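Just below is one structure, and these are the notes that go with it.
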Amino acid sequence: MSVQRKKRKRRELFALGNEAVAEGALLAGCSFYAGYPITPSTEIMEVMANRLPLIEDGVFIQMEDEIASMGATIGASLAGRKAMTATSGPGFALMQEHIGYACMVEAPLVVVNVMRGGPSTGLPTSPAQADVQMARWGTHGDHPIIVLSASNVQECLEMTVTAFNFAEKYRTPVILLLDEVTAHTREKITVPDPDEVEILSRVEPTVPPEWFKPYADTARGVPAMAPIGSGYRTHVTGLTHDVMGYPTQRPDEVKDAMLRLFRKIDQYYGDIQMADEYMLDDAEVAVVAYGSVARSAHLAVEQARERGAKAGLLTLKTLFPFPRPAVERLTHRCHTVVVPEMNMGQMSREVKRVNNGRTKVRTINRVDGQIITPSEILKAIL
Amino acid sequence: MKAPQPIDRFEIRLSGLGGQGLITLGRLLGSALALGHGYYVTQTQSYGPEARGGSSRADVVVSSRPISYPKTENLDLLVALSPEACNSYYRLLKKTGILLVDTTLVKHAPTNVYLGLPFTQMAKEQIGNPMTINTMVMGAVTHLLPFADPRVMRKSLEANLPAKIREVNAKAFALGLKQAQRHFGDAGGIWAAAEESGSHAEDDIIV
């Protein structure tokens, strides 16, 4: 046989969630990182600081604060790089204005927020899931955004790759929400061979430069993107702009621009909304969870099954756009939906909205900087 | 790699003071069990906002099946290197669990059923470096874990440490292992005894 199969180069690591995020980013082709260190996200920055200088054209910058970090990340994205920054609650608050700018100029980039206790400086070393609605609505103005979550270390790697792919495919900022437990848990992970992973990149224009319209509508609603400096004329502004990228107040142009921003995400809900099902086929009680709490819920569901209770688990991997179809199915089939989360009810609000009074929704909320334990969830199931 | 022997959620807590290297110990132990032995391992940690001092702990869960909940709820093995840690976490120990303390620092354990070695004193006097206390504890813990192969643990330890401190830590590991073997006896026997005293404790409550 003359066909030679290339040996896959997989690497096994015993790594932190944060280290897995950095591995995922490098795998996805990230070549630019700008950030400001903050517990519990700092290890992401440490790995990027070590690794980016080793790759061709890799750039790592420690900025003066999170506002500047986000600005630099947007700039790098517009110049053609796959770019990322990572932070925690207080820094995420500072980044909000620029996240809106990234939505408006459709800059593909990834922001990782490792959630800690808040508000304000709060509990720097303790977990929380209290930035969920902030990730969705933190920046002003009507805007769609993609918010993803990960519950174990391998998933940190995979969801970071997914975050980059969604950012590039839909030309949008993507927010990856982790919590302190997931970020600071070490587990064995497999870093796949780059050839095994699907990596998407933004679509660049194929027309001659003089024909190029930087914000022209397409079937997907996602305009082709020319890196600044490539010879294509591009104008970038946070003001609402026309297809040429220049400010406009004409209602018809404003409407087209805004509706396209929504449409490019809305029409791909099926692609974007991800959730994992466990033991849900015959479940009478369903737990809806995300992040590290989903792991507690997994053990609670196992224990409930051992005791004969028909319990199941839906783990949300996409938080926004909210995976409505998956949750709605549960509200038709189960007599109770349990929503445990380390906040006062930010995701249960979405579940209740979708449930629309159909079935019972029980919430378990914890805001003392401790993870919700399997026994607390088991009690709510039984 | 030998096929790992079946274990269902073996929970270890390494607790003490900030600066004793407990989180590093958790990482070294976890890495040796995960990459060296092929078990599923989760290692989590808890520490305060202070740079040093204060309490510190690392939790390690070992299983031959995928692990859902990464933290600990019922401890099989509690390692306490400070009296505060010993008193606060002792109640989380299973009835059949084992308590291992540093007898230099923990003068009054909350029970008389425990194992102890003067780790701090040994690190200072026999190794000449108090910072090696964590790798010495790793040696003792290796002896107590019936599913851990000392050679694999040692190899993994050496692979994970920078050259500058490799030798002194390997020495501390060997000393911890040797002292545990000498004073604690066979690991299987220790766990059988813990099992027995645990079941008696349960009888007492019923009576």
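What you are looking at is a predicted structure, and each value in this text was computed from that prediction instead of being measured. Quick note on labels: first sequence line is chain A, next is B, and so on, each numbered from 1.
For the set Leu299(A), Val181(A), Val153(A), the entry with the most heavy-atom pairs within less than 4.5 Å of chain B is Leu299(A). Of all the listed residues (Leu123(A), Asn152(A), Leu13(A), Thr39(A)), the one sharing the greatest number of non-hydrogen pairs under 4.5 Å with chain B is Leu13(A).
Closest non-hydrogen pair, Thr185(A) versus Thr44(B), comes out as OG1-CG2, 3.2 Å. Contact between Glu187(A) and Val41(B) at its shortest, heavy atoms only, is CG-O, 3.4 Å. Taking both residues in full, the closest heavy atoms of Arg295(A) and Ile67(B) are given as NH2-O, 2.9 Å, listed atom of the first, atom of the second, then distance. Of all heavy-atom pairs between Lys188(A) and Ala34(B), the closest is NZ-O, 3.5 Å. Nearest heavy-atom pair, Ser68(B) versus Glu302(A), reported as atom, atom and distance to 0.1 Å: OG-OE2, 4.5 Å.
More than 12 heavy atoms of other residues, nucleotides or ligands lie within 6.0 Å of CE in Met274(A), so this atom counts as buried by the packing criterion. Around the NZ atom of Lys124(B), the shell of radius 6.0 Å holds no more than 12 heavy atoms that belong to other residues, nucleotides or ligands. Other residues, nucleotides and ligands place no more than 12 heavy atoms under 6.0 Å from the CZ atom of Arg65(B). The number of heavy atoms from other shown groups lying within 6.0 Å of CZ (Phe184(B)) is above 12. Residue Tyr36(A) places its OH atom among 12 or fewer non-hydrogen atoms of other residues, nucleotides or ligands, all under 6.0 Å distant. Around CD of Glu167(B), the count of heavy atoms belonging to other residues, nucleotides or ligands within 6.0 Å does not exceed 12. Other residues, nucleotides and ligands place more than 12 heavy atoms under 6.0 Å from the CG atom of Asp368(A).
Of the two parts of Leu16(A), only the side chain, counted from C-beta on, holds a non-hydrogen atom closer than 4.5 Å to a non-hydrogen atom of chain B. For Ile372(A), the part lying near chain B is the backbone, with the side chain staying farther off; criterion is any non-hydrogen pair under 4.5 Å.
Scored by the side chain to side chain donor-acceptor pair (under 3.5 Å) test, Ser151(A) finds Glu155(A) as partners (sequence neighbours excluded).
A donor-acceptor pair under 3.5 Å links the side-chain atoms of Gln45(B) to the main chain of His184(A), judged by distance alone. Remark: the backbone N or O of Phe14(A) is not paired with any side-chain donor or acceptor of Arg27(B) at under 3.5 angstrom.
Expressed to the nearest 0.5 Å, how far CG of Leu29(B) lies from CZ of Arg186(A) amounts to 12.0 Å. Taking NZ from Lys71(B) and CD1 from Ile371(A), the interatomic distance works out to 6.5 Å, rounded to the nearest 0.5 Å.
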